[in-house]
There are 4 protein chains.
Amino acid sequence: MSITDKREEIIRASLELIAEHGFHGAPMSMIADRAGVAAGTIYRYFENKDALINDLYRDIQEKIYSEIAKGYQPEKPIRERFQYLLRVLLRFFIAHPSECRYLEQFHNSPYGAEVRRDIILRKSGDCFLYRELLEEGVAQQVIKDLPMAILFALAFGPLKYVIRDHILGFFELDEPLIERILEASWDCIRR
Amino acid sequence: MSITDKREEIIRASLELIAEHGFHGAPMSMIADRAGVAAGTIYRYFENKDALINDLYRDIQEKIYSEIAKGYQPEKPIRERFQYLLRVLLRFFIAHPSECRYLEQFHNSPYGAEVRRDIILRKSGDCFLYRELLEEGVAQQVIKDLPMAILFALAFGPLKYVIRDHILGFFELDEPLIERILEASWDCIRR
Amino acid sequence: MSITDKREEIIRASLELIAEHGFHGAPMSMIADRAGVAAGTIYRYFENKDALINDLYRDIQEKIYSEIAKGYQPEKPIRERFQYLLRVLLRFFIAHPSECRYLEQFHNSPYGAEVRRDIILRKSGDCFLYRELLEEGVAQQVIKDLPMAILFALAFGPLKYVIRDHILGFFELDEPLIERILEASWDCIRR
Amino acid sequence: MSITDKREEIIRASLELIAEHGFHGAPMSMIADRAGVAAGTIYRYFENKDALINDLYRDIQEKIYSEIAKGYQPEKPIRERFQYLLRVLLRFFIAHPSECRYLEQFHNSPYGAEVRRDIILRKSGDCFLYRELLEEGVAQQVIKDLPMAILFALAFGPLKYVIRDHILGFFELDEPLIERILEASWDCIRR
DNA sequence: GATGAATGAGGGTTCATTCAT
DNA sequence: GATGAATGAACCCTCATTCAT
């Protein structure tokens, strides 16, 4: 197993276990077992559990951004761009349920609160694309004129909820259903 | 202190501490301290920590239902009833941030997943009112014809997101803003 | 076993084990075993290992002071008082070898360095009696006129060395020998 | 880097780090870093950490002996020879504080106890010069007629104490002060 | 010979739970 | 019924040592 593989295995194991059992339900020893390494090995790649948790978060964020970047077309109308973004997110989380559950755990924890605050206060570049799009929509008077934080909630609240229930196995998401959800999300923020 | 008071104090202490620090950030000893009882005493009222957590959840649910019941008017139009429900929820969580944060912690944990499954599968009476309302709306063709679980997500997703950010202090919710959020939520599910 | 007894047992076990094996050769688990308590119990009486170590130091210091206080006669000549002090110390350490070895471990560690600095800089009341006596002797011109810290070294250096070797079993200290050592120590500082 | 250099670097790094942080505050990895070698490399030169610690002790002892040998004049009177020895020791430790602190750490540990026993029991040639001198002084009736181990304590106790406090920065040692300390040490053992 | 990633036993500490008082 | 001291399994993390490269 190469060095990169080992880090990758630890990341993967952490992702799965934390997604499934939460931060405190996934001891380092369990992560080590699942990754096929010794407990001490994790500490060669991550300073401590906190660092592992934060690094994993960054990893996922980057994957999502790169996914979005593949087909984002800034010249398209607001609505199309909005639906493109949500479509990518939905598909990503459907394809990567562990990543989704992990983000949920993360956001719902002291770690996440800080990150969210930075995003809201624009200290972090995360979510820049989303904000830019919404601001443009407000300026063009196609999106409701509400505080940005509220618009985020209206835009992404339904999606988050839908994905969680899908991952919990409450229903299946096929393409027509996805499109209708995107439509509804747009209804939520459009003028 | 009467027996009931003691149980009440334990509930209150758990609520506050778990809301603030999460399940694993609120040891039984800390709860006991805050409640003004001995650690062992908790176990006379609750079988163990899990039972305490679940009981607390039921308590909050009941408080919310009783709040809703106060002014719910089944004869009003779907839209008005929907906005009434959301308004009560919003106000309740604004007035009771600890309860709100607790529910979030709860739903975002192994405890919550089970509860949610029961609701969706109609094994639990919880959320019956919401479902009834949405089903009636679908039948009357004023609400989008989507699977019930999806409608739940569309209807409550924005609200959940909004409340969390409000409690985290990202913005203030005044009455006009609340009304606009209710309006947007309705836009999300209406035909 | 009473509460006091338990604390006492932990103190005793720590004393013996640290005296024998040093700070890092005496794990908390070993201390717990020797004290006849569970590992967690130690933390009811001491915040952590550091606190235990420091508390134990204070305990010993107090025992020594109370021993000295029993027969100290401020009106006696410098020389007699000096020899009284050293005699008490010698006898105490002969009777309590673990305490002696513990103090040695303590002084020879980050813990001790700080304590010693405070004593030298007069921030701590520890050793006040010793200093007072030496200062008086210098004023009366019966003790060499040297910086206080040097006088401490000349006065107590032989004693420390002697005790350590006695405890290591290199020789026996009987009363005549003790008196000759006191005499030599006095020779070291007297004019 | 030659083989000898590598060993030298490891020795130097160990010396500094152990002097500063103690045995358990100087992990092998830290020593390796400081020495500019890989952790595993240390084990080519030293069987294990214990061996390294003991070898380092021997190294320092040899340095001191060679320093003494430079100017020792066996034909001089006892007193002059004694003061010469102490003067060399004092100057050596003032010039080499790490070596001094290391020896202190060493003597104050399971390692040191064994070494000291061997010296006292004459199993080790270490300190032979000191002993010879003291024995000669006793025979000539210029030094107190006490057991050898006691004389060692009287002779070197003040010096050890003085040096430690000097290294801890409690005072400065200039030449006149050194001479007065040597004088006092002599007072301590002389008839 | 040299490397340094990997190991895993063992360290200090926490905390849900029990039970004698 | 209430207490809270005691328990001990389990947690996160360190580090002396090994061994494939």
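Because only heavy atoms are used, hydrogens play no part in the values below, and waters and symmetry mates are left out as well, while side chains stay in. Letters A, B, ... are given to chains in the order of the sequence lines, protein chains preceding strands, and every chain is numbered from 1.
A side-chain donor-acceptor contact under 3.5 Å links C:K49 to the backbone of C:F23.
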Show the distances under 3.5 angstrom between N or O atoms of the protein and N or O atoms of nucleotides 8-12 of chain F.
| from | atom 1 | to | atom 2 | distance (Å) |
| --- | --- | --- | --- | --- |
| F:dC12 | OP1 | A:K49 | NZ | 2.6 |
| F:dC12 | OP2 | A:M28 | N | 2.8 |

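Here B:R12 pairs with B:E9, B:E16 under the salt bridge (charged side-chain N to carboxylate O under 4.0 Å, His left out) rule; sequence neighbours left out. For the side chain to side chain contact (heavy atoms under 4.5 Å, CB included) test, residues two or more places apart in sequence or in another chain that qualify with B:A13 are B:I31, B:R34, B:A35. Annotation: salt bridge (charged side-chain N to carboxylate O under 4.0 Å, His left out) contacts of B:D55 (sequence neighbours excluded): B:R7.
Using a 4.5 Å heavy-atom threshold, the side chains of A:F46 and A:I11 count as touching. The side-chain heavy atoms of C:Y111 and C:D50, taken from C-beta on, include a pair separated by under 4.5 Å. Inter-residue side-chain proximity for A:K63 and A:D59 is flagged as unmet; no heavy-atom pair is nearer than 4.5 Å. Looking only at side-chain heavy atoms (C-beta outward), C:L52 and C:Y45 stay at 4.5 Å or farther from each other. Residues C:I53 and C:Y57 fail the side-chain proximity criterion, which asks for heavy atoms closer than 4.5 Å. When side chains are defined from C-beta on, A:I60 does not count as touching A:F106, because their heavy atoms never get closer than 4.5 Å.
Distance C:I10 CD1 to E:dT13 C1': 14 Å, rounded to the nearest Å. The nearest whole Å value for the distance from the CG atom in C:D50 to the C1' atom in E:dG11 is 14 Å. The CD-C1' distance, from A:E9 to E:dT7, rounds to 17 Å in whole Å. Across the protein-nucleic acid pair, D:R44 atom CZ and E:dG4 atom P stand 15 Å apart, rounded to whole Å. Atom pair B:I31:CD1 and F:dG4:P shows a separation of 17 Å (rounding to whole Å applied). As rounded to whole Å, 16 Å separates atom C1' of F:dT17 from atom CZ of D:F46. One interatomic measurement links the two molecules: CG of D:L52 to P of F:dC15, which rounds to 16 Å at whole-angstrom precision.
Closest-nucleotide positions on DNA chain F for B:I42 and A:E47 were compared, and the one nearer the 5' end corresponds to B:I42.
For the pair B:C100 and B:I163, the tightest heavy-atom approach, listed with the atom from each and the gap, is SG-CG2, 3.1 Å.
For C:K6, taking side-chain heavy atoms from C-beta onward, the closest of the listed nucleotides F:dA6, E:dG1, F:dA5 is F:dA6.
Near-neighbour residues of DNA chain F inside residues 12-22 of chain C, defined by a heavy atom below 4.0 Å, are absent.
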DNA chain F base-pair string [pairs: Watson-Crick or G-U under 3.5 Å; |: paired with another strand] | .||||||||||||||||||||

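At the phosphate of F:dA6, OP1 or OP2 sits under 4.0 Å from a side-chain N or O atom of C:Y45.
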